Amino acid sequence: MSFTSEQISNLVRQVGITRDSELNCNECLHHVAEFAECELTGRQVTEALEAVRHHLTLCIECKEEYDELLKVLRALDDSSPAAS
Amino acid sequence: MTPSSHEWPARLAPACIDRDAALAELRTLLIKGLHTGLSGRAGADEGFIEDVAQMSLVRILDHLPSFEGRSAFTTWALAIALRVAFIELRRKHWNDVSLDALKEQNPDHADATEPSPDPLGQASRASLITMMHRLIQRELTPLQRDVLLAELNAMPQDEIATQLGRTRNTIYKLGHDARRALKRAFEAAGYTAADVLGVFAETSNPLSS
């Protein structure tokens, strides 16, 4: 088994930002709605929610889902101000 | 009038007489959100969205006790629906790709770097890449190497989990443990995380753009 230079470069970057304690994907999903609302409203992100941001820098799947969640929330906000 | 985040769980409770109406409202909201979130995605047709909305409702009801009200209920529900949708889309896309096939691919050589206007930076990057290759072989288990290879080929973690008979969380942990082992090995060799990131600093953080 071998890796391409691009793959190794990506891995080096990921290793550089790796923390001893990280959220897994389920834990990210548990907090991502609150994180998304903070981002959209400009609310202060707590230390606990910073872990969501960190997970999103490492997990392309959760990041993809998060990006679409933001898109959906913006669209719903535009069409229905009473959405809760 | 739209129910509040406090009202949703109560209305969705099995004993609530308003439950059918609440389910219908939530399903309508999920379908609307899924149309927006999946627009332009191959395979995300009307039938797919209807199926995902139904699967999402089941999952939302299963996880209702874990809703803590720290966000709007609808935001929480949409996050779950998008998770369900992307798992299904990725499964369809990666259905015919095996981990063994990825391992048999013949990639570029690790030292094949593009000419750069910054020869010193290029040399540093090449040095780190060479070192990383060595550490991957020395520090990681075969299973950790398989997971990293699959992840770096953009294979979804759910698909890796299915092929390895594990859960997505286990796959994330295997990857995390591998990255931690590599980070410790870099540090033992005298490189800090700042050194490593500095060499690759020209690549932006995906959340900062």
Side-chain angles (χ1 to χ4, degrees), chain A residues 1-40 49 53-76 79-80 82-84, chain B residues 1-5 29 32-33 36-38 66 70-76 78-80 82-83 86 90 103 106-113 125 128-129 132-133 136 145-146 148-149 152-154 156-158 168-169 172-173 176 179-180 182-183 186 193 196-197 199-200 203 205-207:
Chain A
M1 183 199 306
S2 189
F3 294 83
T4 66
S5 298
E6 186 183 355
Q7 288 168 347
I8 291 288
S9 298
N10 286 337
L11 181 57
V12 170
R13 288 184 205 101
Q14 290 180 5
V15 166
I17 59 172
T18 291
R19 296 175 179 171
D20 282 340
S21 177
E22 294 180 358
L23 299 184
N24 63 35
C25 300
N26 276 357
E27 290 165 337
C28 179
L29 179 61
H30 189 69
H31 296 287
V32 77
E34 184 184 5
F35 179 75
E37 290 181 353
C38 284
E39 289 281 288
L40 286 175
L49 288 181
R53 190 195 306 279
H54 183 256
H55 181 87
L56 295 175
T57 63
L58 285 161
C59 181
I60 56 172
E61 290 143 68
C62 288
K63 178 68 165 60
E64 183 178 40
E65 295 161 19
Y66 171 72
D67 286 343
E68 294 308 320
L69 177 62
L70 287 185
K71 191 168 89 179
V72 171
L73 293 176
R74 287 189 182 110
L76 290 177
S79 66
S80 173
S84 63
Chain B
M1 183 173 166
T2 308
S4 72
S5 287
L29 176 89
K32 188 175 179 183
T36 302
L38 304 180
S66 71
R70 292 196 311 266
S71 68
F73 179 83
T74 49
T75 306
W76 178 79
L78 285 164
I80 290 175
L82 287 167
R83 167 68 56 91
F86 276 99
R90 292 176 192 131
K103 283 154 73 173
N106 184 26
D108 300 337
H109 293 292
D111 58 354
T113 48
R125 284 190 291 277
L128 278 178
I129 287 170
M132 181 62 93
H133 256 292
I136 286 171
R145 284 199 290 270
D146 285 354
L148 278 188
L149 180 76
L152 292 169
N153 275 285
Q157 293 189 51
D158 286 300
R168 176 164 164 175
N169 282 345
Y172 189 85
K173 185 171 188 320
H176 181 214
R179 286 185 281 108
R180 286 171 63 203
L182 292 170
K183 188 173 186 178
F186 264 114
V196 171
L197 289 173
V199 170
F200 290 87
T203 301
N205 179 326
L207 274 185

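What you are looking at is a predicted structure, and each value in this text was computed from that prediction instead of being measured. All chains are named by letter (A, B, ...) in the order of the sequence lines, taking the proteins before the strands, and each is independently numbered beginning at 1.
For Leu69(A), the parts lying near chain B are the backbone and the side chain together; criterion is any non-hydrogen pair under 4.5 Å. If you measure heavy-atom distances from Leu58(A) to chain B, the contacts under 4.5 Å come from the side chain alone. Only the backbone of Leu23(A) comes within less than 4.5 Å of a heavy atom in chain B; its side chain stays farther off. Contact of Val12(A) with chain B is made through backbone and side chain together, with heavy-atom distances under 4.5 Å. Heavy-atom distances place the side chain of Ile136(B), and not its backbone, under 4.5 Å from chain A.
Between Thr74(B) and Leu76(A), the closest side-chain pair of non-hydrogen atoms is not below 4.5 Å. Put simply, the side chain of Asn24(A) does not reach to within 4.5 Å of the side chain of Lys173(B), judged on heavy atoms. Counting only heavy atoms from C-beta outward, the side chains of Asn26(A) and Arg83(B) approach each other to under 4.5 Å. Between Leu38(B) and Glu68(A) there is no side-chain heavy-atom pair separated by less than 4.5 Å.
Side-chain N or O atoms of Glu65(A) include none that pairs as donor or acceptor with a backbone N or O of Phe86(B) at under 3.5 Å.
Note: Leu73(A) CG to Leu78(B) CG = 6.5 Å, rounded to the nearest 0.5 Å. Here His30(A) contributes atom NE2 and Trp76(B) contributes atom CH2; the two are 9.0 Å apart, rounded to the nearest 0.5 Å. Atom CG of Leu82(B) sits about 10.0 Å away from atom CG of Leu70(A), to the nearest 0.5 Å. Here Leu128(B) contributes atom CG and Leu11(A) contributes atom CG; the two are 11.5 Å apart, rounded to the nearest 0.5 Å.
Not counting sequence neighbours, the partners of Glu22(A) by the salt bridge (charged side-chain N to carboxylate O under 4.0 Å, His left out) test are Arg179(B).
Of all heavy-atom pairs between Cys59(A) and Tyr172(B), the closest is CB-CE1, 4.4 Å. Across Thr36(B) and Ala75(A), no two heavy atoms sit closer than the pair CG2-CB, 3.8 Å. The nearest pair of heavy atoms linking Ala79(B) to Val32(A) is CB-CG1, 3.9 Å. Across Glu37(A) and Ala72(B), no two heavy atoms sit closer than the pair OE2-N, 2.9 Å.
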**Request:** Run the numbers on Leu182(B) and Thr18(A) for side chain to side chain contact (heavy atoms under 4.5 Å, CB included), then give the verdict.
**Result:** CA-CA 10 Å; Leu182(B) 292 170; Thr18(A) 291; over 6 Å; no
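With chain A as partner, the option from Met132(B), Arg168(B), His176(B) having the largest number of non-hydrogen pairs under 4.5 angstrom is His176(B). The most heavy-atom pairs under 4.5 Å with chain B, out of Ala36(A), Cys38(A), Cys62(A), Ser9(A), come from Ser9(A). If you tally non-hydrogen atom pairs under 4.5 Å between each of Gln14(A), Glu34(A), Glu61(A) and chain B, the highest count goes to Glu61(A).
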